[in-house]
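Computed from a predicted model, the values in this text were never measured in an experiment. Atoms considered below: every heavy atom in the structure, side chains included; atoms not considered: hydrogens, waters and symmetry mates. Naming convention: chains lettered A, B, ... in sequence-line order (proteins, then strands); numbering from 1 in each chain.
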Amino acid sequence: MQITVLLLVLVLLTVIGFQLGRSRAAASVGGRTVELHSVPSYHGFYVALWAGLPALLLFALWSASEGWMVMQMVLAGLPDRLTQVDAQALSLLRADILNLAHGVNTGREPDPAVAAAAEQYVRLRSLGDWSLLVIGSCLAMGGLLYARGRITPDLRARNRVERTVNVALVICSLVAILTTIGIVLSLLFEAMRFFAVVSPIDFLFGTHWSPQMAMRADQVGSSGSFGAIPLFAGTLLITAIAMAVAVPVGLMSAIFMSEYANPHLRTWLKPILEVLAGIPTVVYGFFAALTMAPFVRGLGQGLGLDVSSESALAAGIVMGVMIIPFVSSLSDDVINAVPQSLRDGSYGLGATKSETIRLVVLPAALPGIVAAVMLAVSRAIGETMIVTMAAGLTANLTANPLEAVTTVTTQIATLLVGDQEFDSPKTLSAFGLGLVLFLVTLTLNMVALRVVQKYREKYD
Amino acid sequence: MTDLVQQDVRTQETRAMSVTATKSRYQSAEFSDRLRRRYAAERRFRLAGMAAVGIASLMLVVLLGSIVGKGYTAFWQTQIRLEVTLDKTQVEEGNYMPVLRQALYAVVPEVTDRAGRRSLNELLSSGAPYQLEAMVKANPSIVGTKQTVWVLADDEVDQFMKGFIRRDVPESERRLNDIKIGALDKLAAAGAVKSAFNTTLFTAGDSREPEQAGIWGAIVGSFLTLVVTMLLSVPIGIAAAVYLEEFAPKNRWTDLIEVNINNLAAVPSIIFGLLGLAVFLGFFGMPRSAPLVGGLVMALMTLPVIIIASRVALKAVPPSIREAALGVGASPLQTVAHHVLPLAMPGILTGTIIGMARALGETAPLLMIGMVAFIVDIPHGLTDSATALPVQIYMWADSPERAFTERTSAAILVLLAFLILMNGLAVFLRKKFERRW
Amino acid sequence: MSVQTQFPTASAPLRSATGGPLLKMVARDVKVFYGAKQALKGIDLEIQENRVMALIGPSGCGKSTFLRCLNRMNDTIENCRVEGLIALDGEDVYGHAIDAVQLRARVGMVFQKPNPFPKSIYDNIAYGPRIHGIATHRDELDEIVQTSLERAGLWNEVKDRLREPGTGLSGGQQQRLCIARAIAVSPEVILMDEPCSALDPIATAHIEELIDELRENYTIVIVTHNMQQAARVSQKTAFFHLGEMVECDDTEEIFTNPRDERTQGYITGRYG
């Protein structure tokens with residue numbers, strides 16, 4: 001509420017600032033605007049920036065730190081028996097206060113001290129918001145008046161405004177970097193806390209995964225419960241099935257569309273692949289769980305095979321279908337980058353079309369195709385919804401595609417969905433898995449993008 | 001020409017001889033044999049290509065077909081007509097259920113035992129009393145009178161009427177017992193059962209009861225999330241693209257930013273969810289399940305897409321435009337703001353819409369930040385607990401009831417309709433403003 | 001392949017009316033259309049066996065288009081349409097008797113820009129013999145590779161690095177590799193589309209020498225915009241202008257005593 005008001009005030013003041021700055025600049029030279037260093041609207045922007053920017057910065061800083069500061073104040077007021085505990089319990093306490101303050105029903109009867117703290121938290125937050133509104137508005141007003149006072153015919157308003165805009169542009173382009181840093185730091189930080197409890201060796205090379213068991217006090221940190229090998233194996237199995245579907249179909253579709261299909265047919269086929277690419281993954285997941293899995297199971301039973309209702313095969317096939325357009329469009333780019341002169345050279349020797357494609361075009365495009373497959377693998381490894389909905393939940397170390405396996409992303413999703421205890425190894429293990437997932441996909445992407453770039457340069 | 005032909009006739013014999021003599025290996029029977037095999041291989045290869053395209057098309061048809069086939073029935077919902085007597089005391093106490101039940105018992109007077117009546121009770125949706133209550137609230141004067149009302153039937157009744165629960169199955173294996181079916185037959189014979197357009201689906205929030213569950217709450221949640229995403233990612237994305245394309249010096253630092261953006265575009269979406277959970281919820285203490293946080297996470301996720309699309313659009317603006325603007329004394333910033341950016345806008349817009357469509361369909365990051373909760377209320381603000389359309393689909397897909405399966409498919413159809421709308425808009429913009437330099 | 005052909009049923013002669021060497025290829029009233037645009041307006045030309053025929057003319061005159069008709073390379077271009085008669089040893093190359101694959105094996109082609117495949121030198125040469133099944137044994141293939149490279153005058157330069165990629169050679173070497181690649185399938189005719197335009201003078205001289213040597217065993221048609229080159233390497237020269245064949249005669253005649261004033265204008269450098 002206060003935040004909305006503040007933002008409205010800021011918008012209003014910047015608009016007023018713009019008008020004031022413009023008219024003042026014009027007035028300062030008696031309307032002969034050619035005597036100004038910059039055109040009047042730049043003076044307007046100058047004042048508007050002074051009105052809006054400092055207040056906005058304050059707002060950003062304030063919102064980023066208010067929650068944390070208020071929480072510190074609230075915790076300081078709590079009795080020692082609640083606050084003098086280990087880090088894990090402390091963050092649980094924080095979560096309790098936050099839940100109570102946001103009115104989330106935790107299902108537990110809260111400690112009266114905690115309930116009081118939550119009330120205090122709400123009170124302080126509201127007080128903070130009000131002060132922010134007042135201080136922010138004053139700051140905006142002050143900035144406006146200061147800038148307006150500085151307007152003279154000689155003011156280099158354009159240069160100042162442009163420099164500010166330039167800085168803003170640089171900051172915007174840094175957001176992407178900040179995001180990466182944020183991802184790395186948050187994953188590392190939480191994963192470190194996980195690895196403080198479970199050794200990374202056990203995590204990376206253990207073959208037994210059952211995070212639920214570790215919730216019992218006597219099981220915390222027990223080796224074996226967080227062995228992620230079955231998850232990696234499951235992920236690889238489903239990825240392999242998906243690639244077995246997506247690579248041949250995607251590559252052959254790309255070849256057919258770029259080398260064989262006439263333009264008329266192409267205008268029909270391209271949208272089909274684009275629609276496949278545009279379907280949300282949750283829809284594929286639904287399809288995998290409710291259509292493909294029963295179909296595969298039925299087919300297997302018809303052949304006398306015992307197929308799990310959450311078979312890796314069903315999830316893998318649907319994931320493959322999802323990736324077909326991805327492989328196809330990447331290969332299409334790559335195949336089209338092979339110069340026509342190579343094709344001509346081959347045709348000129350009397351090769352047929354398929355010989356030219358198989359023996360000249362594909363070998364020439366190989367680096368690009370390999371890169372495309374790597375990107376597709378990275379995509380399959382990171383895909384969450386299909387496996388969460390259609391693959392199993394229990395870790396199962398097997399290479400049999402008819403059995404149910406679980407994957408890294410499935411586990412991350414199930415570990416973090418629903419009621420979760422902050423800081424239990426169970427919750428934190430999701431970040432350990434996330435870190436592995438991020439590193440693996442990042443490596444694949446970096447190498448693949450590098451190869452594609454090199455490949456493009458070769459034929460440019 | 002004529003004498004050439006005569007010449008030709010004269011040399012016919014010579015030719016036959018000389019051709020045989022110089023017949024190259026390419027005219028041998030062996031070669032033509034091999035050629036046949038090569039062409040067979042050619043046909044097989046071509047066929048493989050067609051098969052690949054065929055498989056992709058077939059999967060699309062099967063996918064859409066199965067969803068439409070499962071979901072189209074969800075747009076209709078069975079209702080039951082009852083003649084209720086709005087007894088004053090019962091209305092004042094808020095006991096609408098007994099009012100409805102009495103009306104129902106009156107239709108089937110032969111069922112009198114407790115078990116039988118309990119079966120009858122189960123014909124009506126637990127939401128039916130609220131319908132009646134709303135009716136009374138809207139028009140208090142009807143209290144004490146006899147009224148004809150259409151109320152929601154239970155989801156199993158609905159499934160029965162749609163033919164998904166078959167009556168030829170033995171009673172013990174059927175979800176609807178004989179008493180219920182008898183009562184329904186009687187109601188149907190009296191014209192008191194109808195299938196009406198399922199408005200609940202489009203106006204209600206989530207519910208445990210399929211017949212009362214709707215996607216409006218999820219749509220609003222998605223909308224709020226998308227608004228936040230757009231407000232953040234579009235200006236930042238365009239500004240970053242403008243900087244990188246128009247102003248940035250070419251050095252290792254900007255190379256790093258570029259590599260970083262390309263990689264970020266390929267980071268699995270669930271990782272962004274982990275980022276949101278650790279940073280926005282854990283570090284900044286933002287509320288769980290809020291569209292604000294969802295929008296923030298989605299904004300970070302779509303940012304690379306928008307930056308890349310905007311850079312392509314900016315790159316397509318020919319340098320001559322910039323030179324012309326700079327030549328008349330515009331500053332670099334003015335050049336970009338007045339000339340380059342407006343020309344690149346259609347391309348940027350197209351990329352933005354496609355990015356937004358992707359954000360709309362994205363589920364995994366939202367699961368991480370708690371937008372997967374069971375939320376009945378329609379969210380009203382950015383910090384209210386909310387869910388999103390794809391997450392709603394995910395949650396309903398897990399429900400065992402057949403009625404939820406059909407609603408899941410219907411929700412998917414709605415989601416796909418939105419996506420088609422957005423992508424159609426992008427295609428339209430591209431076609432309309434397409435410019436060849 | 002959307003090439004449509006309409007041909008007169010008459011087949012072509014094997015010798016010109018005036019006698020002389022055997023006619024390897026004959027073109028009669030060849031017209032080429034790209035969509036609605038006509039690129040060639042009825043070309044009549046006779047190509048003698050074991051001679052070098054040069055096609056000259058200003059750019060866009062249709063000489064390359066004509067060359068690409070001779071081994072049906074125009075088939076690979078969408079909406080290109082060829083009319084008229086082109087015969088190889090008296091057989092219609094667009095007819096049923098000859099298949100495009102077979103034709104291209106008999107009528108090889110060397111392109112403007114060297115286009116070695118991104119494979120080893122050996123595999124570049126062996127590509128043609130392999131697809132056509134010419135060599136069944138390793139030894140035979142080795143021999144074909146060696147003789148082809150020798151004939152192309154490249155053997156001594158590359159014999160120690162046959163396994164290295166062909167793209168690693170210099171421009172002139174690459175073009176000779178492409179010529180060797182064409183020779184390896186033992187064609188009867190070799191078409192060369194401005195084979196020296198991307199090369200430096202020394203490499204050009206190399207190729208020109210090579211063309212002269214190859215004349216003994218092959219019939220060669222070369223497109224060039226370089227008149228000195230045409231004069232140096234060819235015995236016959238045809239001058240093309242705006243989709244028409246203006247005149248065709250012995251090279252000496254064309255350069256010393258052109259009959260048509262357009263030819264004269266071109267060879268004296270007034271346009272082109």
Side-chain angles (χ1 to χ4, degrees), chain A residues 64 67-68 71 98 102 162 165-166 168-170 172-173 175-177 179-180 182-183 186-187 190 249 252-253 255-256 260 269 272-273 275-276 278 280-283 286-287 289-291 321 324 352-354 375 378 382 384-385 389 409 412-413 416-417 431 434 437-438 441-442 445-446 449, chain B residues 38-39 41-42 45-46 48-50 52-53 55-57 59-60 63 66-67 236 239-240 242-244 247 257 260-264 266-271 274-275 277-279 284-285 287-288 300 303-304 307 331 333 357 361 363-364 367-368 372 390 393-394 397 405 408 412 415 419 423:
Chain A
W68 184 79
M71 183 55 82
L98 280 181
H102 291 306
E162 292 200 341
V165 173
N166 253 321
L169 290 181
V170 173
C172 285
S173 66
V175 171
I177 294 265
T179 308
T180 308
I183 288 174
S186 59
L187 288 178
E190 304 285 333
V249 177
M252 285 310 290
S253 320
I255 290 171
F256 183 77
Y260 285 104
L269 294 177
I272 288 180
L273 289 178
V275 169
L276 268 184
T281 52
V282 69
V283 179
F286 178 73
F287 177 68
L290 273 91
T291 307
V321 172
I324 287 172
T352 63
K353 205 158 197 170
S354 64
L375 285 173
S378 148
T384 310
M385 294 320 295
M389 294 169 83
T409 48
I412 297 177
L416 293 180
V417 166
F431 286 92
L437 175 66
F438 178 70
T441 52
L442 185 73
N445 296 339
M446 292 221 343
L449 290 173
Chain B
R38 284 168 68 190
Y39 273 120
E42 169 77 25
F45 191 76
R46 195 190 153 92
M50 275 161 85
V53 176
I55 288 173
S57 317
M59 289 318 285
L60 181 66
L63 175 71
S66 80
I67 286 164
I236 296 180
V242 164
Y243 176 73
L244 291 173
F247 299 110
I257 297 183
N260 176 58
I261 287 171
N262 286 335
N263 277 308
L264 211 54
V267 166
S269 59
I270 195 167
I271 298 285
L274 290 177
L275 170 76
L277 176 61
V279 173
F284 290 126
R288 269 176 77 83
L300 295 182
L303 196 59
I307 295 178
S331 71
L333 198 65
T363 323
L367 301 186
M368 299 293 96
V372 66
I393 291 167
Y394 166 69
T405 306
T408 313
I412 288 176
L415 177 62
L419 291 178
N423 283 300

Could you have a look at B:L264, B:V267, B:L300 and say which one has the most heavy-atom pairs with chain A under 4.5 angstrom? B:L264
Mind checking the OG-CD1 spacing from A:S173 to B:I307? Nearest 0.5 Å is all I need. 8.0 Å
Contact class of A:I255 relative to chain B, heavy atoms under 4.5 angstrom: side chain
Please report the interatomic distance OG1(A:T179) to CD1(B:I261), rounded to the nearest 0.5 Å. 9.5 Å
So for A:I324, is it side chain, backbone, both, or neither that comes closer than 4.5 Å to the heavy atoms of chain B? side chain
Heavy-atom contact with chain B under 4.5 Å, split by part of A:F286: side chain
Heavy-atom distances under 4.5 Å only: say whether A:A413 touches chain B with side chain, backbone, both or neither. both
Given heavy-atom pairs under 4.5 angstrom as the criterion, report whether the side chain, backbone, both or neither of A:I272 touches chain B. both
Of the backbone (N, CA, C, O) and the side chain (C-beta and beyond), which part of A:V170 lies under 4.5 Å from a heavy atom of chain B, both, or neither? both
Under a 4.5 Å heavy-atom cut-off, does chain B meet the side chain of A:M446, its backbone, both or neither? both
When every non-hydrogen atom of B:F45 is compared with those of A:M252, the smallest separation belongs to O-CE, 3.7 Å
Do B:P268 and A:T409 come close enough that some side-chain heavy atom pair is under 4.5 Å? no
Examine whether an atom of B:Y394 lies under 4.5 Å from a heavy atom of chain A, and if so say whether it belongs to the side chain, the backbone or both; otherwise answer neither. both
Let me know if A:T441 has heavy atoms under 4.5 Å from chain B in its side chain, its backbone, both or neither. side chain
Using non-hydrogen atoms and a 4.5 Å limit, figure out which bit of B:S66 sits close to chain A: side chain, backbone, both or neither. side chain
What residues form a side-chain hydrogen bond (donor to acceptor under 3.5 Å, both in side chains) with B:S269, not counting sequence neighbours? B:E362
Pick one of side chain, backbone, both or neither for B:P287, based on which atoms fall under 4.5 Å of a heavy atom in chain A. both
Taking all non-hydrogen atoms of both residues into account, name the closest pair between A:T352 and B:R38 and its distance. N-NH2, 4.0 Å
Side chain to side chain contact (heavy atoms under 4.5 Å, CB included) between A:L416 and B:L367: does it pass, once the steps are laid out? CA-CA 8 Å; A:L416 293 180; B:L367 301 186; over 6 Å; no
Min side-chain heavy-atom separation B:T408-A:L290 under 4.5 Å: no
When heavy-atom pairs shorter than 4.5 Å are enumerated against chain A, which of B:V279, B:I236, B:L419, B:L303 gives the highest number? B:I236
Assert top hit (heavy-atom pairs under 4.5 Å, partner chain B, pool A:I412, A:N166, A:L442, A:T281) equals A:I412
Measure the CG-CG distance between B:N263 and A:N445 for me, rounded to the nearest 0.5 Å. 5.5 Å
Using a cut-off of under 4.5 Å for heavy-atom pairs, which of B:A52, B:A48, B:A397 has the most such pairs with chain A? B:A52
In terms of heavy-atom pairs under 4.5 Å, which option from A:S378, A:G382, A:S354, A:G182 contacts chain B the most? A:S354
Interatomic distance, CG@A:L169 vs CG@B:L333, rounded to 0.5 Å, equals 7.0 Å
Atom pair CD1 (B:I55) and OG (A:S253), whose distance is rounded to the nearest 0.5 Å: 8.0 Å
Atom group of B:L274 that falls short of 4.5 Å from chain A, counting heavy atoms: both
Checked B:S331, B:A357, B:A41 vs chain A; the most non-hydrogen pairs under 4.5 Å come from B:S331
Need one label for A:L269: side chain, backbone, both or neither, based on atoms under 4.5 Å from any heavy atom in chain B. side chain
Side chain, backbone, both or neither: which part of A:T384 has a non-hydrogen atom closer than 4.5 Å to chain B? side chain
Among residues at least two apart in sequence or on other chains, which ones pass side-chain hydrogen bond (donor to acceptor under 3.5 Å, both in side chains) with A:T180? B:N260
Chain B contact via A:L449 - which portion, at a heavy-atom distance below 4.5 Å: side chain
Distance (rounded to the nearest 0.5 Å) between B:L63 CG and A:T291 OG1: 8.0 Å
Under 4.5 Å from a heavy atom of chain A, the part of B:L60 involved: both
